[in-house]
Amino acid sequence: GVARVLRGACGHARRARRIMLQNVGLSLALITVLIPLALLGVLGLAAVVLENLGTANMAFTLLPMLTVGAIESLLHHGSQAQRDLWLAKLVSGQWSVTMTLTEPQAGSDVGALRTTATPITAGEHAGKWLIKGTKIYITWGEHELAENIVHLVLARTPGAPAGSRGISLFIVPKYLPDADGNPGQRNDLRVVSIEHKLGIHASPTCVMSYGDNDACVGELVGAENAGLKAMFTMMNSARINVGAQGLQLAERAWQQARAYARDRVQSARAGSPDKTPVAIIEHPDVRRMLLRMRALTEGARALLYTCCGLIDRGALGDEAAQLRAELLVPLVKAWGTDIGCEVTSLNIQIHGGMGFIEETGAAQHFRDARITPIYEGTNGIQAADLVTRKLGFDNGGVLAALMAEIAAEAKDEPALAELANTCAAIGAWMLAEASLDDRLAGSVPFQTMCAVAVAGWQLLRQARAAGGAQVPAAIAASKPAVARFFLDHVVTEALGLKASAMQGAGGLYALDAEALTA
């Protein structure tokens with residue numbers, strides 16, 4: 001099963017149009033360029049590299065994506081001995097990483113996990129831990145494209161508090177390093193099955209079993225019961241990169257749709273005296289879809305790059321930039337992946353019936369995109385994070401300052417200014433008046449409004465900059481038109497979400513569970 005998945009990964013990579021990856025070794029060498037870039041504090045540049053690679057093949061690019069977050073987690077929470085042993089191999093791409101959280105009975109409730117870690121008190125592994133449990137949905141949980149696979153596993157130690165307060169993080173390698181730090185004895189872990197998925201078929205997603213023979217050895221990262229904090233260091237990176245995956249798939253779908261719309265000839269232009277069939281790009285509704293695809297894709301890119309730039313500034317000591325970046329992370333993840341689903345769906349629509357046929361390849365991107373609003377914290381979880389934690393930064397001051405800056409710069413764009421002011425007002429209402437249920441009930445539309453406001457702001461800035469003397473003619477012509485479409489259509493749509501964001505939770509519970517599902 002693993003071999004079949006890997007053959008599919010290599011086949012998909014060779015067929016990718018933007019980057020022709022000739023063999024697996026070259027693939028990994030190219031992909032791992034992003035790891036040192038991210039570590040050098042140039043996440044913005046790493047995001048550009050990752051976008052190109054992920055647009056070529058998002059599923060295959062999942063292999064090194066989690067490595068960046070794992071490195072950050074070990075840098076912040078690992079011991080010096082762990083950093084000395086593991087980091088060089090991870091940075092080089094010689095060893096890959098999994099993020100091993102989910103269990104069958106727990107789902108998104110990580111605090112309900114049952115995997116255990118028991119201290120080893122004697123023998124060659126004294127001071128380490130025996131890991132035992134089953135994890136599901138483990139991306140690239142098994143393969144032979146790296147010398148070793150480092151599983152970062154959440155588990156519960158003896159006597160640990162209940163829930164998320166009792167979770168610890170462990171390094172559990174496929175091969176235990178020998179005295180020289182090279183892969184040695186095979187650890188007691190195995191793949192139980194390969195998930196049969198809707199999409200991302202070039203990425204093996206595994207059910208993993210640890211400790212079937214009571215001999216799975218792991219190392220504790222950080223303190224006991226502090227695993228969730230260490231894992232969230234990794235997860236924040238992953239959430240940004242998953243938001244980027246929405247952009248990557250949107251870009252690929254846009255490339256495919258524009259090529260098809262130029263080539264496909266069907267019907268005369270409505271109202272034209274010439275009844276000769278034209279390329280479908282000439283028809284108004286196809287133009288609408290193409291412009292929407294491009295505007296949403298460029299908006300998602302603007303939001304992503306803005307967040308990455310703020311993270312880079314935060315890494316240099318700019319605390320205000322760091323707080324603003326943390327506010328934007330759930331927006332990048334959730335809205336970026338929503339856009340990926342919408343744009344890949346529009347690609348199928350532009351292809352018409354041929355989009356529903358596998359030979360065109362349009363359906364693959366739609367299938368691949370559908371996982372992105374789910375993993376690394378569902379988009380509903382991102383919205384909950386926004387309204388329960390991020391909104392409270394500086395008692396609401398971080399969001400208020402961001403929206404005030406947008407409104408000030410958009411004084412000649414009434415819809416965008418109104419959207420920014422509305423987001424600020426909803427945020428103030430949520431903090432001062434709304435119950436927790438009311439905030440959560442309106443969190444998803446509110447999250448969308450905030451994301452559209454930031455993306456529209458950045459596209460407005462780009463459109464204004466497009467008039468510069470050094471701007472290529474094609475960009476000078478297209479950027480204002482794309483930004484105009486976004487401001488006239490996407491921003492005005494987001495304004496319509498105000499009522500939903502402030503409606504409260506009452507209507508959600510007007511029916512009890514039995515009546516709702518009758």
Side-chain angles (χ1 to χ4, degrees), residues 28 31-47 49-51 53-54 58-78 82-83 86-102 110 135 137-141 146 148-154 167-173 203 205 219 221-222 226-248 304 307-308 310-312 314-315 322 325-326 328-330 332-333 336-337 371-372 374-377 381-382 385:
L28 295 177
I31 290 171
T32 52
V33 168
L34 70 96
I35 296 174
L37 285 176
L39 294 177
L40 288 171
V42 283
L43 182 59
L45 185 55
V49 174
L50 187 60
E51 183 187 335
L53 295 163
M58 184 275 275
F60 194 60
T61 311
L62 276 165
L63 173 57
M65 188 193 83
L66 294 176
T67 302
V68 176
I71 292 168
E72 290 185 27
S73 187
L74 289 177
L75 281 171
H76 286 91
H77 305 286
Q82 288 171 337
R83 292 195 289 267
W86 302 101
L87 285 183
K89 299 294 179 65
L90 299 183
V91 171
S92 70
Q94 288 176 267
W95 296 358
S96 68
V97 174
T98 73
M99 188 162 68
T100 311
L101 291 74
T102 310
V110 178
K135 301 285 187 175
Y137 309 146
I138 307 307
T139 298
W140 286 92
N148 203 355
I149 303 171
V150 180
H151 301 268
L152 289 185
V153 180
L154 289 181
I167 294 173
S168 301
L169 180 65
F170 297 86
I171 299 171
V172 184
S203 171
T205 305
E219 295 181 22
V221 178
L228 207 58
K229 180 180 179 181
M231 184 61 82
F232 263 102
T233 302
M234 183 178 185
M235 188 176 287
N236 246 358
S237 172
R239 286 176 171 176
I240 294 169
N241 285 328
V242 170
Q245 289 177 341
L247 167 61
Q248 294 157 19
L304 170 67
C307 182
C308 291
L310 289 168
I311 290 173
D312 288 344
Q322 183 61 39
E326 290 186 29
L328 294 185
V329 167
V332 169
K333 196 281 180 182
T337 58
I371 184 59
T372 59
I374 299 172
Y375 61 12
E376 307 312 335
I381 289 174
Q382 306 305 312
D385 178 46

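The residues of the chain are indexed from 1 along the displayed sequence.
- For the pair H76 (side chain) and E72 (backbone), a donor-acceptor distance under 3.5 Å is present.
- Across all non-hydrogen atoms, the minimal contact from L154 to G227 is CD2-O, 3.9 Å.
- Residue L87 holds its CG atom at 11.0 Å from CH2 of W95, rounded to the nearest 0.5 Å.
- L53 and T61 get closest at one heavy-atom pair: O-OG1, 3.3 Å.
- In this structure the side chain of M231 never reaches within 4.5 angstrom of the side chain of V221, judged on heavy atoms.
- The backbone N or O of E376 lies less than 3.5 Å from a partner atom in the side chain of Q382, making a donor-acceptor pair.
- Closest approach of I311 and Q322 over heavy atoms only: O-OE1, 4.1 Å.
- A heavy-atom distance below 4.5 Å is not found between the side chains of Q94 and N148.
- Counting only heavy atoms from C-beta outward, the side chains of L101 and M235 approach each other to under 4.5 Å.
- Considering only heavy atoms from C-beta on, Y375 comes within 4.5 Å of Q245 through its side chain.
- The distance from atom CG of L74 to atom CD1 of I171, rounded to the nearest 0.5 Å, is 5.0 Å.
- You'll find the side chain of V172 stays beyond 4.5 Å of the side chain of T100, heavy atoms only.
- For S203 against A59, the heavy-atom pair with the smallest separation is CB-O, 3.4 Å.
- Nearest heavy atoms, W140 versus L63: NE1-N, 3.4 Å.
- In this structure, T337 contributes its side chain and K333 its backbone to a donor-acceptor pair below 3.5 Å.
- Among L152, L228, V153, T233, the single residue meeting the side-chain contact (heavy atoms from CB on, under 4.5 Å) criterion with L169 is L152.
- Surrounding OH of Y137 are at most 12 heavy atoms belonging to other residues, nucleotides or ligands under 6.0 Å away.
- Atoms CG and CZ, from L90 and R83 in turn, are 13.0 Å apart once rounded to the nearest 0.5 Å.
- The side-chain heavy atoms of V329 and D385, taken from C-beta on, include no pair separated by under 4.5 Å.
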When you look at T372 and M58, which way does the side chain to side chain contact (heavy atoms under 4.5 Å, CB included) test go after all the steps? CA-CA 11 Å; T372 59; M58 184 275 275; 4.2 Å; yes
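- In this structure the side chain of K135 never reaches within 4.5 angstrom of the side chain of H151, judged on heavy atoms.
- Taking SG of C308 as the start and CG of L328 as the end, the distance is 10.0 Å to the nearest 0.5 Å.
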Show your reasoning for whether side chain to side chain contact (heavy atoms under 4.5 Å, CB included) applies to T139 and T98. CA-CA 6 Å; T139 298; T98 73; over 6 Å; no
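- In terms of the side-chain contact (heavy atoms from CB on, under 4.5 Å) criterion, residue partners of I381 (sequence neighbours excluded) are, by chain and number, S108, R239, T378.
- Scanning all heavy atoms of the two residues, the minimum distance from A146 to S96 falls at CB-N, 3.9 Å.
- Within the 4.5 Å cutoff, the side chain of L50 has no heavy atoms near those of the V68 side chain.
- Taking CG from N241 and CG from L304, the interatomic distance works out to 8.5 Å, rounded to the nearest 0.5 Å.
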